[in-house]
Structures are given as structure tokens and as C-alpha cells.
Amino acid sequence: MDVAVWTGIILFGLFFLFLFIGVPIAVSIAAATFAAALLILSVDASLLAVSQQLITGVDSTVLLALVFFMLAGSIMNNGGIALRLINLAKLIGGRMAGSLAHTNIIGNTLFGAISGSAIAAAASMGRIMHPQQEKEGYSSSYSAAVNIASAPTGLIIPPSGMPIIYSLLTGGTSIGALFIAGYLPGLLMVGLLIIVAYILAKRAKYPVADKTGGGEAVKIIWQAVPSLFLIVIVIGGIAGGIFTATEGAAVAVFYALLLCLVYRSLSLSDFPKILKETVSYSGIILLLIGASTAMSWVLAYAEIPQSLTNAMLSVTNNTIILLLIMLLILLVVGTFMDVAPALLIFTPIMFPVATEMGIHPVHFGMIMAMALAIGVTTPPIGTVLFIGSSVSKVPIEKIIPKLMMFYVPLVAALVLVAFIPEISLFLPRLFGLVE
């Protein structure tokens, strides 16, 4: 076997071994990377190269956008925005069978889009919606499954951290284009989830909410619009070329602070907690990015992506089969690995294959985002699954049978987005962000 094969075996073999014995993911990546580098470089050169790449990986102003969006999301999450969005979601989905389930789905979409976090959406919506659904006679496992399945929509609909990481890993794919591209795939996912939730609710004869009066409806919309306007300002500003993604993230922080001051929903005593949350999560992500940059460098130096591309193309040059293989790999990876590390590890490997197949970088970014977002709802590692189970106090083994029904629309949305590029590319083209 040549050096590329041995490097790949040692790199991924050690990585999964470290992961299996409980070593933190970032440390597992860095240690496995260094061990693999020893095959192709001397000890001194390996130390120098890996340490340089660790620093180079986080030495980017683009990553400030990631930190700022996390801060904005934390401010909104702690600032009591969820209830206003839930009232709007009730107004939108309230006249269908199982109206509270539709409220949960739409609420997760709205709150996830603003906070950029599937975990925050599942926790916030679950705490508020689950007791209401139980009171109305909904099955506990059904309501928990609805909350869990719909939470990942916040990872697809911007502003979200995934496009920023993907842009960095793919050599500068337009963040603005990736942001805009997320809307139609995200809304497709939401629409299919609502259809399945409606069918299940109709069979179970779950109730329809009372009709909201015109005056009350206007009041609900008026209270929710300022929160939703964050998306308009940030995405509109980036798409219109008014500011960069990093500047847009800073604007998001300022707007979130302003909104919470107007609502009087935060006090000075809340800020240490908000900053601690942001620093803690940002630190984890940045360490992962640094370690993954070193791994990507070793992969490129050993020409592993090129070897993998050639190997896959030698098996078949059928784009449909190759894309199905990649989708299957991403879905399986998502069952045991969180979104950020999976994105960091597999983008450098799969992106060259996708490029060789003629898949547009923005389109492939949506494919990866959706496939890995589904993973956060799946056992054994799915973080949203555990959060949803925790806030609803329903054991995971009781949630899974109901959740299986919701995997159908999630996977269907992924397949449609994968094989119909225009779902991802229509809006970026409309705004002149891609050719």
C-alpha cells in the first residue's frame, strides 16, 4: 500500500480509537493528525507543521462572525424572545388538526433561525410547548418527537454557524450565497414535517386551536416583528453588499441587545452567564477548527482527497450513485458525531469529489448541512434528541418509534435538495450571488 493509504488508515483509525475510549474530539483529531504526519515528515517537521496549522486554522476574521452570531443567539435565547415567536407560530399554524404540533414546528423554525442553534430551539420550545400539548391530550412521545425533528431547521435557515465553517473549509465559498441558499431547503423541510404532523394528528384526532380575533392577531404580529426583523437586517445587509458576514454578525449582536433593552427582558446580572456560554462554546468550536485545519493539511499533503476521488470515480462515474454514497456516509456519520466536527472532518474529504462531479459548492454546502442536521436528532449521539428527551421528561426509547415517522420527511427533503440543485441555487442566483 502507498503512503496515502497508510496515512489515511493511521489518521482515521487512531481518531476513532481515541473517540471510542472517550478522548475529547478536538484532542482526538490533533493527536491522530500528529501521528499520521510522522509517516510523511520527521518528528520536528511534524510538530512544526501541526502546530502552525492549529494557529493558522483560527487566524481568520471570518471566524469572528461565528463568535458574534453565537453571542447574538445567546442574548436572544436568554432574552425571552421564544414566547413572542410561539404566539406568532400559533397564529400561523393554529387552524390545522394538531395545531400545537404545527406551532412547535413553526416556532422551532423561527427561533432556530434567529438563535442559529438547534439545541436552543429544542430546549426553549420544548419547555413551553410540551406542557401545553400534554394538557390538550397530545401523546407525550408524539409531542417530544415533533419538537426534536423540527429543531434542526434552525441549522439550515440562516443566520447559522455552519455556512461560515463550510466557507472557511472550501476556500471561500460565498457566505452570503450560502446564507440565502438555506431558505428554500429549510422551508421544504418544514413543509414536509407539517404534512406528516398533520396526518398523524388527524389520525389521533388531536384538537384544533380556537380562532384568533383580528385585533389579537395584529397584536401578536406586532410583538413578533421586531425579533424577526433581525433576519431581515442581517441577511438583507449581507445579500445587498451593505456589510460583510462578520460585520453582519456584529450588527446582529447590537440589534439583539437593543431588542432585549426595549423588551426589558435582560438585566446586568444575566450578562456574565451569556458571555460565559458564548466563550465556552466558541472555544470548543475554534479548537475543533484549528485541529481540523491541521488534519486537512495532512490529508492534502498525503494527497488523500485526490486518491479518494480517483477511487470513487474508478468504481463508477454515475453522479447519482456517487451522490447517494456520500449522502449515506453523511447520514451514518451524523448518528455518532455532532455537526461541527463532522463538517470539519468530512468537508475536506468530500468537497473535492463533489467538485469533480460538477456539483456547485453552494449546492454541496446545503447537502452537507441538511444531512448532518438530521444527525443531531438520531441516536446514539444526537444532542437534540437528548435535549428533547430531557425537557419533555420522556425516555428516548419511547420517543424513537414516533420519531421514525418524522425521519421520512427529513430524508425526503434531503434527497430532493440533493438531486434538484435549483432548490439551493435559485435564490442565490436571483440575488446575483452565484452565476
Side-chain angles (χ1 to χ4, degrees), residues 1-63 66 162 164-173 282-314 326 329-330 332-334 336-356 361 364 368 372 381:
M1 290 190 288
D2 61 16
V3 175
V5 175
W6 277 113
T7 304
I9 290 172
I10 289 175
L11 181 60
F12 290 104
L14 285 176
F15 168 69
F16 287 113
L17 175 63
F18 291 145
L19 216 56
F20 180 75
I21 62 177
V23 178
I25 291 178
V27 178
S28 298
I29 294 172
T33 298
F34 177 68
L38 292 174
L39 265 184
I40 50 180
L41 297 169
S42 67
V43 176
D44 289 347
S46 297
L47 279 170
L48 182 63
V50 171
S51 58
Q52 281 183 336
Q53 292 302 316
L54 282 167
I55 301 300
T56 301
V58 296
D59 185 20
S60 171
T61 55
V62 171
L63 290 177
L66 191 66
M162 281 208 289
I164 298 167
I165 297 172
Y166 178 82
S167 171
L168 192 70
L169 294 170
T170 55
T173 303
S282 298
I284 293 168
I285 296 296
L286 291 174
L287 183 57
L288 276 168
I289 290 172
S292 298
T293 301
M295 176 183 272
S296 300
W297 182 86
V298 170
L299 288 171
Y301 193 89
E303 299 184 347
I304 291 174
Q306 296 93 315
S307 299
L308 182 63
T309 302
N310 293 335
M312 290 184 72
L313 292 175
S314 67
M326 287 196 284
I329 291 170
L330 289 170
V332 171
V333 165
F336 62 86
M337 192 177 292
D338 209 359
V339 173
L343 190 69
L344 289 160
I345 292 167
F346 287 92
T347 300
I349 297 171
M350 291 189 170
F351 184 71
V353 181
T355 303
E356 189 70 27
F364 191 64
M368 291 202 73
L372 294 175
I381 304 295

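Position 1 is the first residue of the sequence; numbering continues from there. Bear in mind that the values here come from a model prediction, so they are computed numbers and not experimental data.
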Exercise. Are any of the side-chain heavy atoms of T170 and P361 separated by less than 4.5 Å?
Worked result: no
Seminar exercise, completed: Between I29 and A291 the two heavy atoms that sit nearest each other are CG2-O, 3.4 Å
For this session: Mind checking the CD1-CG spacing from I21 to L17? Nearest 0.5 Å is all I need.
Result: 5.0 Å
Problem set entry | Worked check of side chain to side chain contact (heavy atoms under 4.5 Å, CB included) between L41 and Y301 | CA-CA 10 Å; L41 297 169; Y301 193 89; 3.7 Å; yes
Exercise. Just how far is it from atom CG of L38 to atom OG1 of T33, taken to the nearest 0.5 Å?
Worked result: 11.0 Å
Exercise. Can you tell me how far the CZ atom of F364 sits from the CE atom of M350, to the nearest 0.5 Å?
Worked result: 6.0 Å
Exercise. Of all heavy-atom pairs between L344 and I165, which one has the smallest distance, and what is that distance?
Worked result: CD2-CG2, 3.6 Å
For this session: Applying side chain to side chain contact (heavy atoms under 4.5 Å, CB included), run through V333 and I345 and close with a yes or a no.
Result: CA-CA 10 Å; V333 165; I345 292 167; over 6 Å; no
Seminar exercise, completed: Heavy-atom nearest pair, L169 first then L343, reads CD1-O, 3.5 Å
Problem set entry | Least distance between heavy atoms, G57 atom then L168 atom | O-CD2, 4.0 Å
Exercise. Looking only at atom types and distance, does a side-chain atom of T347 sit under 3.5 Å from a main-chain N or O of Y166, one as donor and one as acceptor?
Worked result: no
Exercise. Are L66 and I289 side-chain neighbours, meaning at least one heavy-atom pair lies under 4.5 Å?
Worked result: yes
Exercise. How many angstroms lie between atom CG of L39 and atom CD1 of I10, to the nearest 0.5 angstrom?
Worked result: 4.0 Å
Exercise. Under the side chain to side chain contact (heavy atoms under 4.5 Å, CB included) criterion, do F34 and L47 qualify, and how do the steps go?
Worked result: CA-CA 7 Å; F34 177 68; L47 279 170; 3.7 Å; yes
Exercise. Checking side chain to side chain contact (heavy atoms under 4.5 Å, CB included) for the pair W297/Q52: CA distance, chi angles, key distance, verdict?
Worked result: CA-CA 10 Å; W297 182 86; Q52 281 183 336; over 6 Å; no
Problem set entry | CG-CE distance between L11 and M295, expressed to the nearest 0.5 angstrom | 4.0 Å
Exercise. Rounded to the nearest 0.5 Å, how far does OG1 of T293 lie from CG of L54?
Worked result: 8.0 Å
